[in-house]
Amino acid sequence: MKIATWNVNSLKARLPRVEAWIGEHQPDVLVMQETKLADSAFPTSVFADLGYASTHHGNGRWNGVAILSKVGLEDARGGFSGEDSASVEECRIVQAICAGVKVMSVYVPNGRTVDSEFFEQKLAWLGQLRRELDLTCQPGDEVVILGDFNVAPEDRDVWDITQFVGMTHVTPEERAALANVEDWGLSDAMRVTNPDEIGPFTWWDYRAGAFHKGWGMRIDLALVSQPVLARLTAAYRDREARKGPQPSDHAPVVIELKERD
DNA sequence: ATGGTAGCGCTGCTA
C-alpha cells in the first residue's frame, strides 16, 4: 500500500502535474494540502476517472485539504471532532478510513512570525490535533497523519540553522507542540527510514533560486502509529516533482506499507 | 535590479 502526501499550492494551477504524478507513481492514497478550492470546485470526476474516490474540505481562497483513495474511502470528515473547533481549524484537516487505515491530511498553520497571534494559533492548532487523536482513536489503531506540518523537527531538517535565528518552524515551542502529537504514539516515518541523513528536504522557497542552491526544509511529514510502523517498508520524497515548469514549492512524500501479517 | 516568486484575483494577502 502506497500512501503519498503533497502540498500542491493550488490544485487548480497544479492539476495537470498532479494527474501526471498519479499516473507515474500510482499511489493507493494521495492526500493533498493547499488546494485553495471550494468544495464545489474540487475536480471529483477527474480523480474518479483515474480510479480514485475523494473527499475535500475547503472554502476557496486559502488552505483546503483532500484525500484520494482507490482502496476505499469511509467515514470521510472535514474539521476537528471537538465542539467549537471550526474557528481554529480553517479547512486544514480532513480524514477518512482507507483500507482499514485512519488517514488524516493536515495543513498546519504557518505561524508567520514568532511574536504574532498567528504563531500562538499554530501552537493551539497542533494542540487540537493531539486532542483529535485522544478523542477519536487509540495508539493501537492503524493511523497515519500526513501533510505540511510547517515545523522542522530537528536542526538538520533545515539547510542552515544559523539562518533561522528568531524564525518560525524551528522554535522549541513548535517542536514541543509537534512532539506532543507524536507522543500520543506516532513515529516520523521518513526519519525512521533515513536515520542519519540531513533532511531530506520537502520544501524549497520559490524565491532566490532556493531549490537549486539546496536551501530547503523538511516540513512535510508522515506520522505513523506503531501498527503502521510495523508494516512500513519505505519512506521517501520525490525531489523530481519539484523540478520543471510550474512546480509546487513542495515535493511529495511517500510511504509504502506491506500487507498485514 | 538593493529582496527574491508564486497564486489568487484585482489590491494586497499569504506563504
Side-chain angles (χ1 to χ4, degrees), chain A residues 5-21 31-43 46 56-66 86-94 105-126 129 146-153 157-160 162-171 173-175 177-178 199 201-221 237-253:
Chain A
T5 180
W6 197 2
N7 179 322
V8 296
N9 187 22
S10 170
L11 185 56
K12 181 181 176 183
R14 218 67 62 206
L15 186 57
R17 288 188 69 124
V18 171
E19 290 182 83
W21 194 87
V31 310
M32 293 179 283
Q33 301 84 37
E34 281 206 88
T35 62
K36 299 185 178 180
L37 295 177
D39 290 340
S40 59
F42 186 76
V46 171
H56 179 260
H57 182 51
N59 283 334
R61 190 164 182 182
W62 311 117
N63 311 330
V65 285
S87 60
V88 69
E89 180 267 329
E90 299 178 318
C91 294
R92 295 176 181 274
I93 178 170
V94 65
S105 175
V106 302
Y107 176 46
V108 177
N110 175 283
R112 305 192 196 182
T113 56
V114 294
D115 59 352
S116 69
E117 62 184 297
F118 302 100
F119 186 79
E120 296 305 317
Q121 290 168 8
K122 177 181 192 174
L123 300 178
W125 199 96
L126 284 164
L129 182 58
L146 311 100
D148 177 359
F149 283 77
N150 271 316
V151 179
D157 292 316
V158 302
W159 80 94
D160 181 357
T162 68
Q163 299 296 312
F164 284 80
V165 175
M167 306 290 280
T168 60
H169 292 60
V170 300
T171 66
E173 291 84 356
E174 290 163 282
R175 288 174 173 171
L178 175 62
F201 303 147
T202 65
W203 173 88
W204 299 261
D205 200 308
Y206 283 123
R207 297 167 288 187
F211 179 69
H212 300 287
K213 295 172 182 171
W215 295 352
M217 305 173 71
R218 189 174 75 91
I219 55 175
D220 297 271
L221 309 176
R237 61 95 161 86
D238 179 24
R239 191 172 174 277
E240 295 301 308
R242 182 61 174 76
K243 300 179 179 177
Q246 296 179 303
S248 170
D249 45 355
H250 294 255
V253 170

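Each chain gets a letter, A, B and so on, in the order its sequence line appears, and its residues count up from 1.
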Note to self: Are the side chains of A:Thr202 and A:Arg242 in contact, using a 4.5 Å heavy-atom criterion?
What the structure shows: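 Heavy-atom side-chain distance check fails, nothing below 4.5 Å.
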Check: Is there a side-chain contact between A:Asn150 and A:Tyr107, using heavy atoms and a 4.5 Å cut-off?
Finding: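 Sidechains of A:Tyr107 and A:Asn150: in contact.
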What integer distance in Å separates [X]:[atom1] from [N]:[atom2]?
X        : N      : atom1 : atom2 : answer
A:His169 : B:dT14 : NE2   : P     : 15 Å
A:Asn63  : B:dT14 : CG    : P     : 11 Å
A:Asp220 : B:dA15 : CG    : P     : 15 Å
A:Asp249 : B:dA15 : CG    : P     : 12 Å
A:Asn59  : B:dT14 : CG    : C1'   : 16 Å
A:Glu34  : B:dC13 : CD    : P     : 18 Å
A:Phe118 : B:dA15 : CZ    : C1'   : 12 Å
A:His250 : B:dA15 : NE2   : C1'   : 8 Å

Pick the [atom1] atom in [N] and in [M], then give their distance to the nearest Å.
N      : M     : atom1 : answer
B:dA1  : B:dT5 : C1'   : 15 Å
B:dT14 : B:dG4 : C1'   : 16 Å
B:dG3  : B:dG7 : P     : 24 Å
B:dC13 : B:dG9 : C1'   : 11 Å

Check: Between A:Arg112 and B:dT14, is there a side-chain N or O to OP1/OP2 distance below 4.0 Å?
Finding: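 Indeed, a polar side-chain atom of A:Arg112 lies that close.
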Notebook entry, point to check: Between A:Leu11 and A:Asn110, who's closer to the 5' end of DNA chain B by nearest nucleotide?
Noted result: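 The 5'-side residue here is A:Leu11.
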Notebook entry, point to check: Pick the nucleotide of DNA chain B nearest each of A:Gly60 and A:Tyr107; which residue has the one closer to the 5' end?
Noted result: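 Closest to the 5' end, via its nearest nucleotide, is A:Gly60.
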Next item on the list: Sequence neighbours left out, what passes salt bridge (charged side-chain N to carboxylate O under 4.0 Å, His left out) with A:Arg175? Give chain and number order.
Entry: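 A:Arg175 satisfies salt bridge (charged side-chain N to carboxylate O under 4.0 Å, His left out) with A:Asp155 only.
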Check: For A:His56, what residues pass the ring pair (Phe, Tyr, Trp, His ring centres under 6.0 Å) criterion, not counting sequence neighbours?
Finding: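 Checked A:His56 against ring pair (Phe, Tyr, Trp, His ring centres under 6.0 Å); matches are A:Phe42.
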Margin query: According to side-chain contact (heavy atoms from CB on, under 4.5 Å), who are the partners of A:Ser116, at least two apart in sequence or on a separate chain?
Written below: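 For A:Ser116 the side-chain contact (heavy atoms from CB on, under 4.5 Å) partners, ignoring immediate neighbours, are A:Arg112, A:Thr113, A:Phe118, A:Phe119.
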Check: Looking at residues at least two apart in the chain, or sitting in another chain, which of them share a side-chain contact (heavy atoms from CB on, under 4.5 Å) with A:Ala241?
Finding: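 If we apply the side-chain contact (heavy atoms from CB on, under 4.5 Å) test to A:Ala241, skipping adjacent residues, the hits are A:Trp6, A:Trp21, A:Asp238, A:Pro252.
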List the atom pairs, with distances to 0.1 Å, where a side-chain N or O of residues 203-211 of chain A and a protein N or O form a donor-acceptor pair under 3.5 Å, not counting sequence neighbours.
| from | atom 1 | to | atom 2 | distance (Å) |
| --- | --- | --- | --- | --- |
| A:Trp203 | NE1 | A:Asp249 | OD2 | 3.2 |
| A:Asp205 | OD1 | A:Arg207 | N | 2.7 |
| A:Asp205 | OD1 | A:Arg207 | NE | 2.9 |
| A:Asp205 | OD2 | A:Arg207 | NE | 3.3 |
| A:Asp205 | OD2 | A:Arg207 | NH2 | 2.9 |
| A:Tyr206 | OH | A:Asn9 | ND2 | 3.0 |
| A:Tyr206 | OH | A:Pro247 | O | 2.9 |
| A:Tyr206 | OH | A:Asp249 | N | 3.2 |

Taking N or O atoms only and anything under 3.5 Å, show me the protein contacts with nucleotides 1-6 of chain B, one pair per line.
none

Next item on the list: State which of B:dA15, B:dG7, B:dG12 makes the closest approach to the side chain of A:Arg61.
Entry: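 Shortest atom-to-atom distance from the side chain points to B:dG12.
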